[in-house]
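Chain letters run A, B, ... following the sequence lines, proteins first, then strands; residues in each count from 1.
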There are 2 protein chains.
Amino acid sequence: MQISPSLEDYLEAVLETADEDGARTTDVAEKLGVSKASVNQAMGVLADHGLIEREKYGPVFLTENGMALAQAVYKRHQTIKAFLVSILGVDEKVAEEDACQIEHVVSKDTMHRIIEFMERRKDE
Amino acid sequence: MQISPSLEDYLEAVLETADEDGARTTDVAEKLGVSKASVNQAMGVLADHGLIEREKYGPVFLTENGMALAQAVYKRHQTIKAFLVSILGVDEKVAEEDACQIEHVVSKDTMHRIIEFMERRKDE
DNA sequence: AGAATAAGTTAGGCGGGCCTTACTTCGCCC
DNA sequence: GGGCGAAGTAAGGCCCGCCTAACTTATTCT
């Protein structure tokens, strides 16, 4: 499953804004700071990839695949953010923004090292 | 001075491939893994921004502004790479690639924290 | 129910960044 | 000096990601 960084952001936002009734275009747009039209377009692509399902003029829902991917992205995000805050002492808000960017460009290898580093820190 | 990440990469590559006779389109293209046409186009934009100078069919040279910016970018790059390698233990080659991406998305604040962290490490 | 408002959708457009193809200029060598 | 290959340039095209404007559907309120 290969989607662009930007689509990963949309997927993550769907996860974060969803409740039992799914996620709304407006909320996702708000969260990402883009227009509803852009969200709608992105949802089309995510649906094509089988990552979400939606009925016309209704909310969207993550499929199983979509949920798995969204959670993976979310976890990466949280891990990087935690690293920035707890290890480097970066401000919470800044860390949030930086994590959002870094999560898309960091290699699996470096990601592992970050996790390891934090594990080690925890034990001390 | 506001240029895109991609243009920063071109500028950095000019710095890295240049000798006394300036930098060549071909070398920059090779270094970045893009076509000569793309390099040429980017050089046009950098020239418009007064960051490089060039004569037709000749090599390009960094202006003072261009040199300053290129060095700033280069330093960021090296710092991030050093952090990945020496603190996280990331493989040299992987760190190089990751640094190349991260350098464009990291905030000034986080950048400072990284430097501080490494300074502290050095003292111990 | 009917109007006003909110949510979602569609169409069309724009800039960034890359490409290929074809052309021009340069430098070298017989 | 003519020819050739390499370097540089120009033109045109493609995809991505975003936008605005205009439209359709849903909802809410009196």
S.K.: Expressed as a whole number of angstroms, how long is the span from B:Leu7:CG to C:dC18:C1'?
M.R.: 12 Å
S.K.: Going only through I, L, V, M, F, W and Y residues with side-chain contacts under 4.5 Å, is there a path from B:Val14 to B:Val45?
M.R.: yes
S.K.: Return the value, rounded to whole Å, for the distance between atom CG of B:Leu32 and atom C1' of C:dC19.
M.R.: 15 Å
S.K.: Is it true that the side chains of A:Asn65 and A:His49 contain a donor and an acceptor less than 3.5 Å apart?
M.R.: no
S.K.: Report the residues that fulfil salt bridge (charged side-chain N to carboxylate O under 4.0 Å, His left out) with B:Asp27, sequence neighbours left out, ordered by chain and then residue number.
M.R.: B:Arg24
S.K.: At under 4.0 Å, does any side-chain N or O of A:Ser38 touch on OP1 or OP2 of D:dC19?
M.R.: yes
S.K.: A:Gln2 has an atom CD; how far is it from atom C1' of D:dC16, in whole Å?
M.R.: 16 Å
S.K.: Bend angle of the helix from C:dA1-D:dT30 to C:dC30-D:dG1 from five-pair axes at both ends, rounded to 10°?
M.R.: 10°
S.K.: Near A:Glu53 CD, under 6.0 Å, is it more than 12 heavy atoms from other residues, nucleotides or ligands?
M.R.: no
S.K.: Quickly work out the B:His104 NE2 to C:dG17 C1' distance and round it to whole Å.
M.R.: 13 Å
S.K.: So, does B:Thr63 use its side chain to make a donor-acceptor pair with the main chain of B:Gly50 at under 3.5 Å?
M.R.: yes
S.K.: Between A:Tyr10 and D:dC18, is there a side-chain N or O to OP1/OP2 distance below 4.0 Å?
M.R.: yes
S.K.: Look at the side chain of B:Thr110 and the backbone N and O of B:Val106, then say whether any donor-acceptor pair between them is shorter than 3.5 Å.
M.R.: no
S.K.: Could you list the protein-to-nucleotides 1-3 of chain D atom pairs, N/O on both sides, closer than 3.5 Å?
M.R.:
none

S.K.: Distance-only criterion, 3.5 Å: show the donor-acceptor pairs between side-chain atoms of residues 66-76 of chain A and protein atoms not counting sequence neighbours.
M.R.:
unit_1	atom_1	unit_2	atom_2	d
A:Arg76	NH1	A:Glu103	O	2.5
A:Arg76	NH2	A:Glu8	OE1	3.4
A:Arg76	NH2	A:Glu8	OE2	3.4

S.K.: Scan A:Ser6 against the nucleic acid and name what it touches under 4.0 Å (heavy atoms): base, sugar-phosphate only, or nothing.
M.R.: sugar-phosphate
S.K.: Looking just at side-chain N and O atoms, do A:His104 and B:Gln101 make a donor-acceptor pair shorter than 3.5 Å?
M.R.: no
S.K.: Do nucleotides 6-12 of chain D as a string where each nucleotide becomes B, S or -: B if the base has a protein heavy atom under 4.0 Å, S if just the sugar-phosphate does, - if no protein is that close.
M.R.: -BBBB--
S.K.: Give a yes or no on whether the backbone of B:Asn40 and the side-chain of B:Thr25 come within a donor-acceptor separation of less than 3.5 Å.
M.R.: no
S.K.: CG of A:Leu46 versus C1' of D:dG17: gap in Å, rounded?
M.R.: 13 Å
S.K.: Donor-acceptor pair, B:Arg54 side chain versus B:Pro59 backbone, under 3.5 Å?
M.R.: no
S.K.: Considering just the side-chain nitrogens and oxygens of B:Ser4, establish if one lies under 4.0 Å of OP1 or OP2 belonging to C:dG16.
M.R.: no
S.K.: For A:Lys36, which residues count as a side-chain hydrogen bond (donor to acceptor under 3.5 Å, both in side chains) partner, sequence neighbours excluded?
M.R.: none
